[in-house]
Amino acid sequence: MEKEKVERTVVHVEMNDGTHHYFGSLAAIYEKFSKEKVGISYGSLRNYGLNEDKPYKNKYCTIRKGVLITIPKKN
C-alpha cells in the first residue's frame, strides 16, 4: 500500500546576513522578526501575492513560499 503524501505550506526567509529561517505561515515570521527587520509589514506581504513563482525581495531579506511534502505518521 502506497503512503499518501501530505503537502504543507512553508515560508523560507533568507536574511541578507546569510541566515535561513523556515515558517509555517506568513504571520509566524512576525513572531520572530519585526517589520523593520524584514522591511515589509505583514499586511503588505499578504497583499504582495507571495507564491512559488513570485518571491519577495528587498535590501533586508528574500522571502519565498513553497510546499513541504511529507508522509503521514504511522499510528
> Atom NZ in K57, atom CG in N16: separation rounded to 0.5 Å?
Replying inline: 7.0 Å
>> Nearest 0.5 Å, please: how far is SG in C61 from NE2 in H12?
In response: 10.0 Å
>> Y60 vs F33, test: side-chain contact (heavy atoms from CB on, under 4.5 Å). Steps then yes/no.
In response: CA-CA 11 Å; Y60 303 104; F33 298 113; over 6 Å; no
>> Rounded at 0.5 Å granularity, tell me how far NZ in K35 sits from CD1 in I40.
In response: 11.0 Å
> What about Y22 and L68, same hydrophobic cluster or not, with Ile/Leu/Val/Met/Phe/Trp/Tyr joined at side-chain heavy-atom distances under 4.5 Å?
Replying inline: yes
>> With side-chain contact (heavy atoms from CB on, under 4.5 Å) as the test, pick out the partner of Y56 among I63, V38, T62.
In response: I63
> Between R64 and E14, does a side-chain contact (heavy atoms from CB on, under 4.5 Å) hold up when you go through it step by step?
Replying inline: CA-CA 8 Å; R64 298 176 182 89; E14 181 180 356; 3.2 Å; yes
> In Å, rounded to the nearest 0.5 Å, how long is the span from NZ of K32 to NZ of K37?
Replying inline: 9.5 Å
> To the nearest 0.5 Å, what is the distance between CG (L45) and OH (Y30)?
Replying inline: 4.5 Å
> Within the side chain of Y42, is there an N or O that forms a donor-acceptor pair under 3.5 Å with the backbone of A28?
Replying inline: no
> With the 4.5 Å side-chain cut-off for hydrophobic clustering, are V10 and L26 part of the same group?
Replying inline: no
>> Can a donor-acceptor pair be found, under 3.5 Å and without considering hydrogens, that links the side chain of K54 to the backbone of Y48?
In response: yes
> To the nearest 0.5 Å, what is the distance between OG1 (T9) and CD (E52)?
Replying inline: 9.0 Å
